[in-house]
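Below is one structure, written out as C-alpha cells; comments come after it.
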Amino acid sequence: MTLIKHIIGGMPSSGSTDHRQDVYNPATGAVVAQVCLGTEAEVTAAVEAAKAAFPAWSATSPAKRAQVMFALREVMKRRADDIARTISAEHGKTHNDALGEVARALEVVEYACGIADKLKGDFSRDVGPGIDTCAERQALGVVAGITPFNFPSMVPLWMIPMALACGNTFILKPSERDPSSANLIHDLFKEAGLPDGVLNVIHGGKAAVDAIIANNDIQAISFVGSTPIAGYIYRNGCAAGKRVQALGGAKNHMVILPDADLDQAADALMGAGFGSAGERCMAISVAVPVGDETADRLVEKLTPRVRALKIGPPSDPEAEMGPVISAEARERIENLISSGAKEGAEILVDGRGLELQGYEGGFWVGGTLLDRVSPDMTVYKQEIFGPVLSVLRAESYDYAVALINRHQYGNGTAIFTRDGDAARDFAKRIQVGMVGINVPIPVPVGTHSFGGWKSSIFGAHGIYGPEAVHFYTRLKTVTSRWPAGIRAGAEFTFPTMG
Ligand code: NAD
C-alpha cells in the first residue's frame, strides 16, 4: 500500500505518529493509498525548515525567483498529463477536466513570472527639502495554505507561485482526501530549481490545521474550502495575530431572461451544473428562468440532456462527469435530493442510487434536475456540491436579483440575455463577487483576482493576481534626507517636510 508522506525541507517524512487515513479511488471505491496525518510536531518541523530557507530565498532577486516560475511553467506543460492523471486518480474527475485544472493553474504561474515588475515599488523625489520617499513591499516570512479536495492541483497553485515569487516560504496543508497532487506539485517545483525548504507539505486534517493556526512563526494563512471551516480559520487565525484570507462555499445562480438564446443557456447549464460532478465552487446549482414560458422551454431542453449525461471513470474518454469524492458525499447529496422531494420540488431527473457496471463500489450520483424549487427549501438554502441542478422559477427580473442578493453566499453568478441594459444593471446591482454575462463560470483569468462576497469569503483579499501581491507582502515606506549633513534642529511640531 502506498504511503503518502509529508515533505519537510525537501525530504519525505512519515512523521512522529502512526496516524494514517485511507485515500480512495472514487470510481471504484477501493483504497489506493494511505496518507500520513500531521500533528503539531510535523508542523513545527516544517516551519523550522521554512524559516531556515527564508533568509536566502527572500534575498534572492525577484528576477531569479521568477526564473523558477518560468522553469515551472515548462515542467508543468511537459508533465500536464501526469498532473491530470494524479488529480483524477484520487478525485475522480475526467482527464480533460483535470487538464483544464492544470491550464488554469498555469495562468497563476505565468503571472508570477512577472513578479519583478510587480514588486518594483514607488518613489517620490523631493517630497521636502532634500527628502525622498520610497515605498516597497517586503515578504512576510513563512506562510501557509490550506486547500480543499475539489481542485487538488489548481487551488494550491492559486497560492504557492505568488507567495514564493514575493519571497515567502510556504507550508501547504492539502486536502487529506486527494493528497498525492500536493507531493507532485512539490516535486515539480524541485525540478524547476526551487531550493529545499522553500515549499513544504504537511498532510492531515484538523490537528494539522490547528497546529498551523497556533504556530507563532507562521505569518499568514490562505484557506480555500467550505464556509464553516473558512470562518473557523479566519476567526482563530486573526485571533492568533495572523493575516488570513479564507474563501468559502457557494450557491451560484444563473438568471435566464426571456430574450436569451435558450440553446446557448442550456449548453452553459449542462457544463456549469454537471462538469466535475458539480464539485466546483463556481458550479451553477440554481437556474433562475424569468417567466413560466422561459422556464417551460428551458426545462424541456434540459431534461433529456440531463438524462443522457455520460457518467464514467476518468479512464473513459467519453465520460462527461465522474463520481463524487466519497461515500459520505454521495449520501449527503442523495439526502438533499430527498429533502427537495419532501419539501415540494418536482424531480424531473433523479440521480439517486446510480450504479455503473464494472464500477459497483464507486461513489456515483447521476445528474439530477429539480423543478419548482422555492427559496425556503433546504435543497436551495444549502450548498449541495454535487451534480444537482435546481430550477427556481422567477416571476420577474427584479425578483431574480432580490433572490440572489438575499442568499448567504455570493461567490459567482451569471445572466444570459441579449439585452445590454439588463446585463449592465445586473452587473452593477448583484451582490456577488464574480459575475458572468452570457458566461456561466466567470472564473477570472490569472491577471485578475478571484474572490466572492458575503459568506463566500472572509478577509479583505481575493486570491491570485494583483491581490496576491498585497496579501503576501507588507508595505514599507522609507523617507530619507540627503546629504546627511543638513541640520534642521529639533522639531517639536508634527513634521510637515516643509
Ligand atoms: P473543507 O472545508 O471540508 O476542507 C478544506 C480544508 O480544511 C481541508 O484541507 C481540510 O483538511 C480542512 N478541514 C476540514 N475540516 C476541518 C476542521 N474541522 N478544522 C480544521 N480544518 C479542517 O472543504 P472540502 O470539502 O475539501 O471542499 C469543498 C468546499 O470548498 C466547498 O464548500 C466549496 O465551495 C469550497 N471551495 C471554495 C472555493 C472558493 O474559491 N471559494 C474553491 C474551491 C472549493
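In listed order, ligands and their atoms are each counted from 1.
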For ligand 1, indicate whether the residue [X] contacts it via side chain, backbone, both or neither (heavy-atom separation under 4.0 Å).
X: Glu383; result: side chain
X: Phe223; result: side chain
X: Pro174; result: backbone

Return yes when [X] approaches ligand 1 closer than 4.0 angstrom through a heavy atom, no otherwise.
X: Ala230; result: no
X: Phe385; result: yes
X: Met282; result: no

Should [X] and [Y] count as side-chain neighbours, where that means a heavy-atom distance under 4.5 Å?
X: Ile347; Y: Leu370; answer: yes
X: Arg393; Y: Arg372; answer: yes
X: Lys93; Y: Phe151; answer: yes
X: Asn252; Y: Met434; answer: no
X: Pro152; Y: Glu90; answer: no

Is it the case that atom CD in Glu331 sees more than 12 heavy atoms from other parts of the structure closer than 6.0 Å?
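No, not enclosed.
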
Is the count of non-hydrogen atoms from other residues, nucleotides or ligands lying under 6.0 Å from Glu40 atom CD greater than 12?
no

Is the His253-Tyr380 ring centre distance short of 6.0 angstrom?
yes

Please tell me if atom 25 (O) of ligand 1 is touched by the protein, where touching means a protein heavy-atom distance below 4.0 Å.
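Yes.
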
Please list, in number order, the atoms of ligand 1 under 4.0 Å from a heavy atom of [X].
X: Trp158; answer: 40 (O)
X: Asn411; answer: 41 (N)
X: Thr147; answer: 5 (C), 6 (C), 8 (C), 9 (O)
X: Phe450; answer: 39 (C), 40 (O)
X: Glu176; answer: 10 (C), 11 (O)
X: Cys281; answer: 34 (O), 36 (N), 37 (C), 38 (C), 39 (C), 40 (O), 42 (C), 43 (C), 44 (C)
X: Lys173; answer: 8 (C), 9 (O), 10 (C), 11 (O)
X: Gly249; answer: 32 (O), 34 (O)

Could you find the nearest protein heavy atom to [atom] and give me its residue, atom name and distance?
atom: atom 20 (C) of ligand 1; result: Val209 CG1, 3.6 Å
atom: atom 2 (O) of ligand 1; result: Ser226 OG, 2.6 Å
atom: atom 27 (O) of ligand 1; result: Pro148 CB, 3.3 Å
atom: atom 18 (N) of ligand 1; result: Ile229 CD1, 3.5 Å
atom: atom 3 (O) of ligand 1; result: Arg177 NH2, 3.9 Å

For [X], is at least one N or O under 3.5 Å away from an N or O on ligand 1?
X: Gly225; answer: yes
X: Tyr232; answer: no
X: Lys206; answer: no
X: Gly248; answer: yes

For Asp82, which residues count as a salt bridge (charged side-chain N to carboxylate O under 4.0 Å, His left out) partner, sequence neighbours excluded?
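Residues passing salt bridge (charged side-chain N to carboxylate O under 4.0 Å, His left out) with Asp82: Arg79, Arg85.
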
In terms of side-chain geometry, is the basic nitrogen of Asp376 or Lys381 positioned less than 4.0 Å from the acidic oxygen of its partner?
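Lys381 and Asp376: not salt-bridged.
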
Does this structure show an ion pair linking Asp97 with Arg280, if we count only N-O contacts that are shorter than 4.0 Å?
yes

Of the non-hydrogen atoms in Pro323 and Glu279, which two are nearest, and what is the gap between them?
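Closest approach of Pro323 to Glu279, heavy atoms only: O-OE1, 4.1 Å.
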
I'd like a table of donor-acceptor pairs (distance under 3.5 Å, sequence neighbours excluded) in which one partner is a side-chain atom from residues 164-171, with atom names and distances.
from, atom 1, to, atom 2, distance (Å)
Asn168, OD1, Leu140, N, 2.7
Asn168, OD1, Gly141, N, 3.1
Asn168, ND2, Ala163, O, 2.9
Asn168, ND2, Tyr472, O, 2.9
Thr169, OG1, Ala50, O, 2.8

Between Ile384 and Lys251, does a side chain to side chain contact (heavy atoms under 4.5 Å, CB included) hold up when you go through it step by step?
CA-CA 8 Å; Ile384 303 176; Lys251 188 85 180 178; 3.7 Å; yes

For Phe450 and Tyr464, take the angle between the two ring planes, folded into 0 to 90°, and tell me which bin it lands in: parallel under 30, tilted 30 to 60, perpendicular over 60.
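Answer is tilted, since the angle falls between 30° and 60°.
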
Of the listed options (Ile146, Val155, Asn150, Leu172), which comes nearest to atom 43 (C) of ligand 1 when hydrogens are ignored and any heavy atom counts?
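Of the listed residues, Asn150 has the closest heavy atom.
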
